[in-house]
Amino acid sequence: MIKKFDKKDEESGSGSNPFQHLEKSAVLQEARIFNETPINPRRCLHILTKIIYLLNQGEHFGTTEATEAFFAMTRLFQSNDQTLRRMCYLTIKEMANISEDVIIVTSSLTKDMTGKEDVYRGPAIRALCRITDTTMLQAIERYMKQAIVDKVPSVSSSALVSSLHMVKMSYDVVKRWVNEAQEAASSDNIMVQYHALGLLYHLRKNDRLAVTKMLNKFTKSGLKSPFAYCMLIRIASKLLDETEGGHDSPLFDFIESSLRNKNEMVVYEAASAIVHMPNCTARELAPAVSVLQLFCSSPKAALRYAAVRTLNKVAMKHPSAVTACNLDLENLITDSNRSIATLAITTLLKTGSESSVDRLMKQISSFVSEISDEFKVVVVQAISALCQKYPRKHSVMMNFLSNMLRDDGGFEYKRAIVDCIISIIEENPESKETGLAHLCEFIEDCEHTVLATKILHLLGKEGPRTPQPSKYIRFIFNRVVLESEAVRAAAVSALAKFGAQNDDLLPSVLVLMQRCMMDSDDEVRDRATFYMNVLQQKQKALNAAYIFNGLSVSIPGLEKSLHQYTLEPSEKPFDMKSVPLATTPITEQKLEIAPVATSKLPEKLAPSRQDIYQEQLASIPEFQSLGPLFKSSEPVQLTEAETEYVVRCIKHTFARHMVFQFDCTNTLNDQLLQKVVVQMEPSEAYEVAHYIPAPSLPYSQPGSSYTLVRLPDDDPTAVSCTFSCTMKYLVRDCDPNTGEPDDDGYDDEYVLEDLEVTVADHIQKVLKPNFGAAWEEVGDENEKEETFALASVRTLDEAVGNIISFLGMQPCERSDKVPENKNSHVLFLAGVFRGGHDVLVRARLALADGVTMQVTVRSTEETVVDVILASVG
Amino acid sequence: MLRSGSCSRFAGSNIGEPSLHTVKAVLILDNDGDRLYAKYYDDTYPTVKEQKAFEKNIFNKTHRTDSEIALLEGLTVVYKSNIDLFFYVIGSSHENELMLMAVLNCLFDSLSQMLRKNVERRALLENMEGLFLAVDEIVDGGVILESDPQQVVHRVALRVLQSAKEQIKWSLLR
């Protein structure tokens, strides 16, 4: 072995690291020999290696010392030692961000990149582009163009990749090299081809037509490089996705044909692309699945992993498509790579039959402790999906989950388990008690505040309604004694719910509450005092309003209103009804179960969509007197997707007005629209009060125009109305390239689809966690009842879905889920009507030759009850 | 000025924008899990502290098993160990695993040739500049520059040979 290092390093014994005790200051001291003549390449090389090693270890270099070393290093360009020169390039790149005035080496590098030594040219280009800015880039543009088409592959590749890195900074300059890149793309060298394709796509990606042309060209001519081929597949599937191209498109054919490529990398890329396409049918998936099946028995672990991971994804949407691979997957459950084994088992859990569940669960529990948290989460998610599929298996699952809960694991893992247990409890009433018991045990020793508070909240909600509520009290009160403030506060709230619901527990709860009132934390004391006083009144209505069903207002909205109230002192007490309601988050999204670790981004309380609209509308002077925004609808499309102008409308409801926000996009690049207004013709007694035009709509920049409509005061039951809409505007033709408009324009109009306002636009969803209590609270003063026959509806599920979407109210107590094989069902809906009146609906449904529905409506306001019944009928 | 550094942990996937940016990091650790070489190509782990924590985690999860691929902290990690060295190539979890594998194999085979099949810690430490140059030829700013070990060795080894020649000269002069 050749010894290259100083004696000192050798003495430290074999096996030790010669770089271990490097001192930055000593190395920089040594760097002074760079200035000696003649240059000693061997020693200088060694010192540069040490500098790069230190940088690599994360050692911090100050600007002054780095600059000093950098300038000394520039002298080494005088030596012709090749390795030394290459290390200089590396040092330049490493120090480009630390040292000052790195551009001093520009001329040396330019000389090397155009010189005779091919070994220097590629690395010199990459180093040069690292220290170059846009203005200097223009100076070397000629050389870059030449380098891109150079016949030496390393030179061409280096120039292409460096160009790609510089697109972000100097798009306009690099764009001019597109012809050279095009030439390089037909190179024989596979890497040059790959890099050229990457650069071409990056320069053209915003021009769909150019991308299409490029794809046509390369899919026909074929590419030698597997890397380039993969890139082409990605571009094709992106384009297919954007254009919503059908699966009869030539692009899809191209991707499918890639499944027969010789290279595994390409085949896998194609299979993965097909699997990730939305709306793939089982038949279209089949060829992709069968190549993945072949990969399952590959000797390469990476390929088996890739295959089984992709099959796992297929199994989420199309379990039947993967059933054919069950045998291959079975072989993988004993794979020595635990990630592969876990993925195989979780896939089988989705595709296998109910009878195999026990066996698979046993297998997986044998090595669950060996796998990483990411995969444990995958396992939990698979179990969660399984429980929905085979509810009868919940006891096996619950056992398994509780064991997992006891094991070590990070927050994400524990949260997945807790979420899974909670969803099992909600789906299967009979598992409630065991589930709650496991969770109680878990919070006895739980380091995650978020999970503890979540579980306490659940205990408060579910515990009082179990046959033996008293057994949970001990677990909850233990938290009050032992935990941090947030958990103690949550425990107090949970206790209060037991007291409010169970009269026989009330005296004990009051005693415990008394103790909590001596807590050292303000929040805990405040809550205890508050609940104590409410509970002592022993009034059902008070309990319902202040203990079971908390405030349903938007928190940022409340903060703003209170702030406003304190700014303008008045005699009037603060009116809760003036606060915008919280919009219930849409929880109907399908569980995204991807075996990808969840994001580490901190969860932030983002202002809701409605808070953003509130802010936007309040900034328009005409709308300032309307009061708080009550509700904003989902956007409604008023045009087809691929038309000249794309218009969608968001309906904003206020106490006595509605504002229609039209988001318009002009998709014609040779037109500039101005003074855009959407004219509305109401069918009922609605009155259009005001139009606010969008001043200008340049090509592809969305703008908003507003229409203010006054709701009829005299007839509060007129809640639905149809508007015919016409967009009116001034057109100015313009140059598609520069966007420069002509001086004159002409008026034009465009007919949009009709816009409907329905009863749902007047009602905001509000979740009442305890519907029964809320029902009692509102009372039967304004109760009305009517029976309807829904002849066209065939199933209870369909009826429930129709009612919810028609009334736009929030289903409570999970009553939107109809149990299987039942002929009758009760649906509970809660909401708030425009003006702040609570509305509750109880719909009893019975199935027999269509669905019969008995609707009972309660509200704090009689007209609201009438409105609802009138609109249902 | 990190130009290649803006793609986040979840970008660069076949779901997002098609891109040549494939590799997020190349690591070589010794059998105590200490860093011998580490190059991060984007800001997934912006500080040295986060990088070292990630390396520790990777090492703990992989050094006992001889499997070659894992999913850690939401990233795909392909790896290979030899005697007292651990080689890692890291990419997004949406990345084509075989591409990452191609990088890992290229790195290992290039080093194996350069070190005359002597891929172990001491030999590597004595040829650190060879390692630096080889990685520089394989990955540039997260883009795979070359995947053929012959090409890499050719571009780097020219100097290894030359420096060997020179070293004989130096040893004669001594």
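In what follows, every chain begins at residue 1, and chains take the letters A, B, ... in the order their sequences are listed.
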Euclidean distance, A:I340 CD1 relative to B:E68 CD, rounded to 0.5 Å: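 Spacing of CD (B:E68) from CD1 (A:I340) equals 7.5 Å.
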OG1-CZ distance between A:T342 and A:R309, expressed to the nearest 0.5 angstrom: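 Rounded to the nearest 0.5 Å, the OG1-CZ separation comes to 13.0 Å.
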Does any heavy atom of chain A fall under 4.5 Å from the side chain of [X], the backbone, both, or neither of them?
X: B:K52; value: side chain
X: B:L131; value: neither
X: B:L100; value: neither
X: B:M101; value: side chain

Would you mind checking which part of [X] comes under 4.5 Å of any heavy atom in chain B, side chain (CB onward), backbone (N, CA, C, O), both or neither?
X: A:L90; result: side chain
X: A:P123; result: side chain
X: A:Y53; result: both
X: A:I235; result: both
X: A:E94; result: side chain
X: A:M191; result: side chain
X: A:Y89; result: neither

If you count heavy-atom pairs under 4.5 Å with chain B, which of [options] comes out on top?
options: A:K93, A:R338, A:H60, A:K300; result: A:K93
options: A:H202, A:Q57, A:K205; result: A:Q57
options: A:A306, A:A301, A:C230, A:S336; result: A:A301
options: A:S154, A:S158, A:G58; result: A:S154

Shortest non-hydrogen contact between A:L160 and A:V192, atoms and distance: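 For A:L160 versus A:V192, the nearest heavy atoms are CD1-O, 3.6 Å.
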Under 3.5 Å donor-acceptor, A:R126 side chain and B:D136 backbone: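 Yes; at least one donor-acceptor contact below 3.5 Å.
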Exam field: side chain B:Q51 to backbone B:Y45, donor-acceptor pair closer than 3.5 Å: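 Confirmed, B:Q51 side chain pairs with B:Y45 backbone.
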Plane angle bin for B:F87 and B:F108 - parallel if under 30°, tilted between 30 and 60°, otherwise perpendicular: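 Because their plane-to-plane angle is over 60°, the rings of B:F108 and B:F87 count as perpendicular.
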Mutual orientation of the aromatic rings belonging to B:F86 and B:H63 [parallel < 30°, tilted 30-60°, perpendicular > 60°]: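 Perpendicular, since the angle between the ring planes exceeds 60°.
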Between [X] and [Y] (salt bridge meaning N to carboxylate O under 4.0 Å), is one present in this structure?
X: A:E117; Y: A:R85; value: no
X: A:K238; Y: A:D241; value: no
X: B:E95; Y: A:R234; value: yes

